[in-house]
Amino acid sequence: MIFRKRKINHEIDPGKLPEHIGIILDGNGRWATKRGLPRSAGHSAGADTLKKIVTECNNMGIKYITVYAFSTENWSRPKEEVDFLMNLLLNYLRNAEKTLAGENVVIRAIGSRTELSEEIRQQILKTEAFTANNTGIVMNIALNYGGREEIVHAVKNICTDITDGKLNPEEIDEKLFSEYLYTVGQPDIDLLIRTSGEQRLSNFLLWQNSYAEMWFTRKLWPDFTVHDLHNAIIDYQNRGRRFGGIQK
Ligand code: FPP
């Protein structure tokens, strides 16, 4: 524990860490194009960057990280790129058993699984089960994820429970609703990071980002470093979070 604290940048207050970080890892394609490489090379480099960032978050003692790996809209990319991304994700999940799990990471996939291949669905179940008893950071991989889809999915399940007599509409409040989301049992996003200069939510965790502090950088995701992560956290710690109230 002392070792972990020593590793943190001295400007970071270990007592005020964001509990849940969300990352929209954007700019892989541009990173590759700038180098005259195929877009797939950018995604591979992005996956390497992700490993380093998750490891650092885990070492720092951050409890949850959610990364936007593949959105419900990403299916509209050329088939070759979609296939590459699916394969990269499959390998990431497979290797995670050896690499990240060794670091005590709990891995979960969030999003609609119906449209994923049987092979990926099976691998998700395997990786989730394999890492379920770990005690380190929880890493949610948003895979075929869309914030609107998540909300519609929750509403449908709520309706089913009402029809089945398991739920009374009077019981529905924000807390109950959040229990029907893919992130059930997890805190909302405290800090949302988006790379590549874009400043929008892109259908990412619409409910959970309600009071997130947003941090943007022009850097492309494969160039994002541990130092950038520290800067985002320092910035977060200097913001006055009011949640609609007034500054104490
Ligand atoms: C955005 O860059 C990135 C993606 C759509 C895919 C993100 C996926 C990875 C980093 C792969 C690894 C992730 C995991 C969890 C294994 P872009 O392609 O939109 O870049 P561009 O905006 O420059 O075109």
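When a ligand or atom number is given, it counts from 1 through the structure's own listing order.
We find that E179 and K175 are joined by a salt bridge, their nearest charged nitrogen and carboxylate oxygen being less than 4.0 Å apart. Ionic pairing of K16 and E213 is not present here: no N-O contact between side-chain nitrogen and carboxylate oxygen is shorter than 4.0 angstrom. Under a 4.0 Å N-O distance rule, the pair D235/R239 qualifies as a salt bridge.
Ring orientation note: the planes of Y64 and H20 are tilted relative to one another, at an angle of 30° to 60°.
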Could you pull out every N or O of ligand 1 that sits under 3.5 Å from a protein N or O, with the distance for each pair?
from: ligand 1; atom 1: 2 (O); to: G27; atom 2: N; distance (Å): 3.4
from: ligand 1; atom 1: 2 (O); to: N28; atom 2: N; distance (Å): 3.3
from: ligand 1; atom 1: 18 (O); to: R39; atom 2: NH2; distance (Å): 3.0
from: ligand 1; atom 1: 18 (O); to: R77; atom 2: NH1; distance (Å): 2.8
from: ligand 1; atom 1: 19 (O); to: D26; atom 2: OD1; distance (Å): 3.4
from: ligand 1; atom 1: 19 (O); to: R77; atom 2: NH2; distance (Å): 2.8
from: ligand 1; atom 1: 20 (O); to: G27; atom 2: N; distance (Å): 3.4
from: ligand 1; atom 1: 20 (O); to: N28; atom 2: N; distance (Å): 3.2
from: ligand 1; atom 1: 20 (O); to: G29; atom 2: N; distance (Å): 3.0
from: ligand 1; atom 1: 22 (O); to: D26; atom 2: OD1; distance (Å): 3.1
from: ligand 1; atom 1: 22 (O); to: R30; atom 2: NE; distance (Å): 3.4
from: ligand 1; atom 1: 22 (O); to: R30; atom 2: NH2; distance (Å): 2.9
from: ligand 1; atom 1: 23 (O); to: G29; atom 2: N; distance (Å): 3.4
from: ligand 1; atom 1: 23 (O); to: R30; atom 2: N; distance (Å): 2.7
from: ligand 1; atom 1: 23 (O); to: R30; atom 2: NE; distance (Å): 2.8
from: ligand 1; atom 1: 24 (O); to: R39; atom 2: NH1; distance (Å): 3.0
from: ligand 1; atom 1: 24 (O); to: R39; atom 2: NH2; distance (Å): 3.1

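The CG atom of L90 sits 5.0 Å away from the CD atom of E119 when rounded to the nearest 0.5 Å.
Residues Q122 and E118 bring a donor and an acceptor atom of their side chains to less than 3.5 Å of each other.
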